[in-house]
Every structure is written in C-alpha cells, then in structure tokens.
Amino acid sequence: MLKKQTVWLLTMLSLLIVLSVYYMTSPNGDELAFINDSAEENGTSTTSGDSGEKPDTGEKSEADVTTEPANVDELFASIRMETTDQRSEAKTRLEEIVASSSTSTEEKNEAVSQIELMEQFASKESILEESIIAEKGFEEVLVRAQEDHVQITVKADKLSAQEANSIMQMAADEFSGAQVDVKYIPQK
C-alpha cells in the first residue's frame, strides 16, 4: 500500500517540478501565470492580451498571438491535474478503508469496487481522448467522466453539429447510458 502512495507522490512531485521548470524557462514566462484569469473561470478564451484593458485596435501584438494557445493548453493541463489529484485523494481514502482492520467486509468490498470504477473511468477517458484525436484530428481533447455524466471539451476554432454528434456517439459507445456534453474552446 505505501509503495503505491509513495510512487504516486513522487510522480506528482516530479510533474510539479517539470511544470515549474517549464514555466520558468519559457520565453514568455512572466506572462503565463497571469494571462486571462477570467478565461479560466468560465472555461473559454474570449479575451486577448495581457490585461484586457486595451481598446481593441484590430491589431494583435506578438504577445497576444503567443500567449493565448498556451493559456488553453494551461487550462487543459490544470483541469487534468486537478482531476488526477481528486482521484488520487479519493483512492487513498478508499485504500485506507480497505487496509483498516476496523471496517467490515462489505465496506472493504465497496471501497475496492469504487477503486476499480475510478480506474475504469480513467482508462475509458484516456481511450476516448485518443480516439477522438485520432479520428477527428483535434489538437487537444479533454474527457471528464463521473458516474452518469461525461463532459468532453475539444480545442478547436469551431465545432459543427455533425462533429459534436459524432463525438457524443463515440462517448456513448464508451460510457453507455451516460449523459454526454460536448463543448469547444477556440485555439486562438
């Protein structure tokens, strides 16, 4: 039990260090942490520039062009990390239930089935993301599944109804009976 937790912790710390080094060494490292805070809150990238206070002159500066894609990528990465952290914490709690001598067999069996379900969701999410990218050619796809709800976010300038329906069908094939929501975030 402890070995898995230790490996998980080391993996998360390694990822944190890699991301920190990446942000510190990137050419626009000063701007990445404070770009478009409102876009992260509502999940879309609708503003441009570093503060949004400049009037729109129709011209885009170099900072506008280079920072927005990183922001969408950053949003996807932060959502993935948050989901991974939540699942890791839940799995740790469930593993403690399984390891505890004071819990009943039924509680342990329920905890084991919940762990298996979380692992199954994570696997299906990964498979669906890769399938959508391979079949539809999107640059980035984020799939988040909970008990009976699947939310799919695609990084694309636009998404036709036919593409959305096709993605929903793929999700329905993977997560049968779940409600599926599909949305897109512009790449700009």
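Remember, predicted model here, so these are calculated numbers, not experimental data.
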Within the structure provided, determine whether [X] and [Y] are in side-chain contact (heavy-atom separation under 4.5 Å).
X	Y	result
F76	K155	yes
F121	R87	yes
E130	V141	no
I167	L159	yes
M12	S88	no

Work out which heavy atom in [X] is nearest to a heavy atom in [Y]; give both atom names and the distance.
X	Y	result
F138	I132	CD1-CG2, 3.8 Å
V182	M168	CG2-CG, 3.4 Å
I152	A171	CD1-CB, 3.6 Å
S100	T103	O-OG1, 3.3 Å
K136	S166	NZ-OG, 2.6 Å
A111	V98	CB-CG2, 3.7 Å

Measuring from atom [atom1] of [X] to atom [atom2] of [Y], what distance do you get when rounded to the nearest 0.5 angstrom?
X	Y	atom1	atom2	answer
H149	F175	NE2	CZ	11.5 Å
Q114	E95	CD	CD	12.5 Å
L94	K108	CG	NZ	13.5 Å
S113	Q120	OG	CD	11.0 Å
Q146	T83	CD	OG1	8.5 Å
T92	I97	OG1	CD1	11.0 Å

Can you find a side-chain donor-acceptor pair between Q169 and N165 that sits under 3.5 Å?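 Side-chain D/A pair, Q169 to N165: absent.
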Worked verdict on L19 versus M81 for side chain to side chain contact (heavy atoms under 4.5 Å, CB included): CA-CA 11 Å; L19 288 174; M81 286 184 65; 3.3 Å; yes
Would you say the side-chain atoms of S78 pair up with the backbone N or O of E74, donor to acceptor, closer than 3.5 Å?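 Side chain of S78 to backbone of E74, a donor-acceptor pair under 3.5 Å: yes, one is there.
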So does I127 get a backbone contact from the side chain of S131, meaning a donor-acceptor N/O pair under 3.5 Å?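 Side chain of S131 to backbone of I127: a pair is present.
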Report the C-alpha distance between V154 and I185 in whole Å, list the side-chain angles of each, state the deciding distance to 0.1 Å, and finish with yes or no for side chain to side chain contact (heavy atoms under 4.5 Å, CB included). CA-CA 6 Å; V154 177; I185 297 178; over 6 Å; no
Residues W8, T84; criterion side chain to side chain contact (heavy atoms under 4.5 Å, CB included); working and verdict: CA-CA 10 Å; W8 217 189; T84 302; 3.7 Å; yes
Any pair with a residue in residues 110-124 that passes salt bridge (charged side-chain N to carboxylate O under 4.0 Å, His left out), sequence neighbours left out, goes on the list, sorted by first then second residue, please.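 Applying salt bridge (charged side-chain N to carboxylate O under 4.0 Å, His left out) to every pair that reaches into residues 110-124, excluding sequence neighbours, yields K91-E119.
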Would you sort out whether E129 and R144 count as a salt bridge (charged side-chain N to carboxylate O under 4.0 Å, His left out), showing the intermediate values? CA-CA 10 Å; E129 286 176 356; R144 292 174 286 165; over 6 Å; no
In this structure, would V150 and L117 fall into the same cluster of hydrophobic residues linked by side-chain contacts under 4.5 Å?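 Yes, V150 and L117 fall within the same hydrophobic cluster.
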Run T153 and I79 through side chain to side chain contact (heavy atoms under 4.5 Å, CB included) and show every step you take. CA-CA 11 Å; T153 306; I79 291 171; over 6 Å; no
